Amino acid sequence: MATIKLPSSVMTPKDIQQLINEVRTYMAWFNKELIKRRVSGDKHIISSAPDLSPATKEFLREQKAQGTLDRHGLEQLLFALEQQRKQAPTVTVTLAAPAPVQLQEKIVSWFRTTVRGDIFVSFQFDATLLGGAVVRAGSRIIDASLREKVLNPSVSFAEVLRRV
Amino acid sequence: MFDPLFLALIANIFLLGILSVLGVLYGYSHLSARRLRKKPDAPQKLALPPAVKQELLSAAEHEYQGILDRSANELQKDLQKTTTSLSKQLTDFGTSVIKDEVSQYQDVIKTLRADAESTITESQKAVTTLHESMKQQVAEQVEKEKQQLLANIDTKLGDAIGSFLSENLQHNIDLGTQTEYILSVLEEHKDELKEAINGNH
């Protein structure tokens with residue numbers, strides 16, 4: 001099954017679950033509207049759409065642009081989102097401080113562009129890192145923090161002092 | 001009354017008896033004659049005058065004495081010769097034995113001396129080798145300890161500076177300025193991340 005391109009703001013499995021719930025809410029409203037139109041015969045009666053998060057709205061807009069937002073399309077979309085939530089991998093990125101949303105979105109976008117399109121990224125922070133990041137993917141840990149460079153330098157301090 | 005055959009038999013027996021007796025008698029007389037012929041004749045004695053006897057006796061004594069004297073002289077000469085020869089041979093033998101013994105002794109002394117010299121030389125070599133080896137070991141040990149001390153100083157210095165930086169930099173961290181750095185670090189480890197994520201799924 002093809003990967004569904006998610007917005008950068010949908011980062012973690014929890015975010016996609018929220019997206020699924022909102023899409024399900026939207027689908028329920030959509031089906032209700034469809035029945036109303038069939039019954040009344042008036043194609044123009046539309047009640048207000050449910051309150052959705054900006055991420056969900058953006059997502060549905062993109063899906064509509066691709067022309068898949070009918071009843072069947074929504075069912076398929078939901079099914080695909082569920083599958084993606086179950087199967088997609090998650091990495092944990094630890095930074096030296098709580099990351100602002102823009103930085104988080106940039107990092108998530110990088111992962112989805114470079115590594116894998118359906119990946120989830122969860123964020124943590126640890127002040128002792130001083131800078132950089134520690135990425136944990138499954139059993140593998142990649143420590144690219146400033147703390148690692150200070151404590152395990154490639155060139156010893158004594159060597160540097162000799163050159164000074 | 002008398003059988004003619006019986007009478008002939010008696011006559012034959014009578015004749016045989018007579019012949020036997022005659023044969024025995026003849027044989028006895030023959031043997032007796034032989035014994036008489038074997039018996040030797042008795043020796044005949046010759047009588048000489050006493051002066052002649054005495055002269056003959058003196059001459060015999062004189063000749064006998066001469067023979068004895070000559071024999072004694074010859075014996076003495078032979079004895080002297082034998083003694084001289086024996087002495088010479090003993091002297092030669094003794095000299096030869098002493099010479100051999102001295103020669104053997106000298107050979108043994110030479111061998112012992114050569115062995116002693118060789119042992120001393122080898123001992124000197126072994127001592128020199130051991131000395132060099134110990135010198136090298138000591139130098140290696142000193143170098144090793146020096147490197148270890150330098151490594152310890154390195155580590156302690158690194159730890160001190162790391163702690164200093166950690167203590168002073170971990171507050172008021174601005175991630176906004178680190179954005180490019182974080183992205184460049186992720187880019188640097190891109191292949192590892194792909195392997196870790198796509199390898200597990």
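All chains are named by letter (A, B, ...) in the order of the sequence lines, taking the proteins before the strands, and each is independently numbered beginning at 1. Note that the structure is predicted; figures quoted are calculated from it, not measured.
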(Q) Does any backbone or side-chain atom of I182(B) lie under 4.5 Å from a heavy atom of chain A? Answer side chain, backbone, both or neither. (A) side chain
Q: Please state whether the side chain, the backbone, both or neither of E188(B) comes within less than 4.5 Å of a heavy atom of chain A.
A: neither
Q) Are side-chain heavy atoms of V135(A) and H189(B) found at a separation under 4.5 Å? A) no
Q: Check whether any side-chain heavy atom of R116(A) sits under 4.5 Å from a side-chain heavy atom of K194(B), and report yes or no.
A: no
Give me the atom names and distance for the closest heavy-atom approach of [X] to [Y].
X	Y	result
T179(B)	L103(A)	CG2-CD1, 3.5 Å
W110(A)	E187(B)	NE1-OE1, 2.8 Å
I107(A)	L186(B)	CG2-CD1, 4.0 Å

(Q) To the nearest 0.5 Å, what is the distance between CG on D191(B) and OG1 on T114(A)? (A) 10.5 Å
Take atom [atom1] in [X]; do more than 12 heavy atoms of anything else shown fall under 6.0 Å from it?
X	atom1	value
D69(B)	CG	yes
E63(B)	CD	no
E75(A)	CD	yes

Q) For chain B, which of L95(A), V93(A), L146(A), V91(A) has the most heavy-atom pairs under 4.5 Å? A) L95(A)
Q) Do E192(B) side-chain atoms and I142(A) backbone N/O form a donor-acceptor pair below 3.5 Å? A) no
